[in-house]
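Structure record follows, encoded as structure tokens.
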Amino acid sequence: GNSVTQMEGPVTLSEEAFLTINCTYTATGYPSLFWYVQYPGEGLQLLLKATKADDKGSNKGFEATYRKETTSFHLEKGSVQVSDSAVYFCALPLTGGGNKLTFGTGTQLKVEL
Amino acid sequence: NAGVTQTPKFQVLKTGQSMTLQCAQDMNHEYMSWYRQDPGMGLRLIHYSVGAGITDQGEVPNGYNVSRSTTEDFPLRLLSAAPSQTSVYFCASSYGVGPYEQYFGPGTRLTVT
């Protein structure tokens with residue numbers, strides 16, 4: 001079935017550093033791909049998504065490109081801020097589609113001054 | 001607009017006790033779901049519902065019961081709690097079968113001793 005493998009954390013960066021969090025997937029067909037973010041003490045919220053191959057999702061300075069050749073959806077940001085400290089989850093629909101999502105294990109990001 | 005609300009925020013149970021985790025949404029979403037979040041495992045889908053009166057199992061349904069009598073509410077029942085059910089539980093909702101953005105509640109942290 002569909003699954004996602006995500007880069008292990010935690011990741012600690014200095015403010016204004018470049019961020020990459022790796023995500024690769026296994027899927028039947030070309031499902032939509034998602035990045036969700038969880039700030040401390042809160043539930044998850046959608047950060048960005050891509051619905052087809054070669055699509056680029058973007059939001060709040062974060063970007064991810066749906067690459068079917070490498071089955072990847074890596075999250076990037078050019079200059080991180082302390083306020084970006086959170087846990088980031090890559091996700092895609094379970095086999096069969098719809099809103100039933102399977103998530104990666106999450107990558108904790110800590111940004112320091 | 002409260003979004004997705006969950007009660008309680010924290011709960012401690014003894015093995016064998018029962019309880020209900022409450023979830024409500026005020027966005028008139030048809031789709032609702034329950035996930036559990038465990039360290040190193042990401043989020044896993046427990047049960048979901050595509051509308052009032054319709055529920056189905058997710059990846060890890062054993063030990064949990066759900067019902068959907070109204071569009072707004074989707075309670076999760078633990079009939080006989082076990083230590084393996086110690087986790088953080090998240091309820092989520094979305095507009096339709098999707099895949100659409102899912103809106104998550106703040107979570108319930110459950111400890112079973």
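Keep in mind it's a predicted model, so treat the numbers as computed, not measured. Order of the sequence lines sets the chain letters (A, B, ...), proteins ahead of strands, with each chain counted from 1.
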Notebook entry, point to check: For the atom pair CG (A:N99) and OH (B:Y95), what is the distance rounded to the nearest 0.5 Å?
Noted result: 12.0 Å

Item checked: Test side-chain hydrogen bond (donor to acceptor under 3.5 Å, both in side chains) applied to B:Q37 and A:Q38, step by step -> CA-CA 12 Å; B:Q37 182 181 27; A:Q38 183 180 29; 3.1 Å; yes

Note to self: Is it true that, when you exclude A:E76 itself, more than 12 heavy atoms of the residues, nucleotides or ligands shown sit nearer than 6.0 Å to its CD?
What the structure shows: yes

Check: Honestly curious: do B:F74 and B:V88 fall in one hydrophobic cluster under the side-chain, below-4.5 Å linking rule?
Finding: no

Checklist line | Gap separating the NZ atom of A:K100 from the OH atom of B:Y48, nearest 0.5 angstrom | finding: 3.5 Å

Next item on the list: To the nearest 0.5 Å, tell me how far A:T102 OG1 sits from B:L45 CG.
Entry: 9.0 Å

Notebook entry, point to check: Looking at OH of B:Y35 and CZ of A:F103, how far apart are the two atoms once the value is rounded to the nearest 0.5 Å?
Noted result: 5.0 Å

Next item on the list: Heavy atoms only, distances under 4.5 angstrom: which of B:R44, B:Q6, B:K9, B:E59 has the most pairs with chain A? Name it, please.
Entry: B:E59

Checklist line | Region of A:L101 that comes under 4.5 Å of a non-hydrogen atom in chain B | finding: both

Check: Are B:F90 and B:W34 in one and the same hydrophobic cluster, where Ile, Leu, Val, Met, Phe, Trp and Tyr link if side-chain heavy atoms are under 4.5 Å apart?
Finding: no

Check: Same cluster or not: are A:F73 and A:V4 linked, directly or through other Ile, Leu, Val, Met, Phe, Trp or Tyr residues, by side-chain heavy atoms under 4.5 angstrom apart?
Finding: yes

Next item on the list: Count the heavy atoms belonging to other residues, nucleotides or ligands that lie under 6.0 Å from CZ of B:R109, then report whether that count exceeds 12.
Entry: no

Check: Measuring from B:D38:CG to A:T105:OG1, what's the distance to the nearest 0.5 Å?
Finding: 12.0 Å

Item checked: Check against side-chain contact (heavy atoms from CB on, under 4.5 Å), A:Y36 and B:Q102 -> CA-CA 10 Å; A:Y36 278 82; B:Q102 297 203 39; 3.6 Å; yes

Notebook entry, point to check: Should we say atom CD of A:E112 is surrounded by more than 12 heavy atoms from elsewhere, each under 6.0 Å from it?
Noted result: yes

Margin query: Within the supplied structure, the quantity of interest is the number of heavy atoms (other residues, nucleotides, ligands) at a distance under 6.0 Å from A:Y30 OH; does it exceed 12?
Written below: no

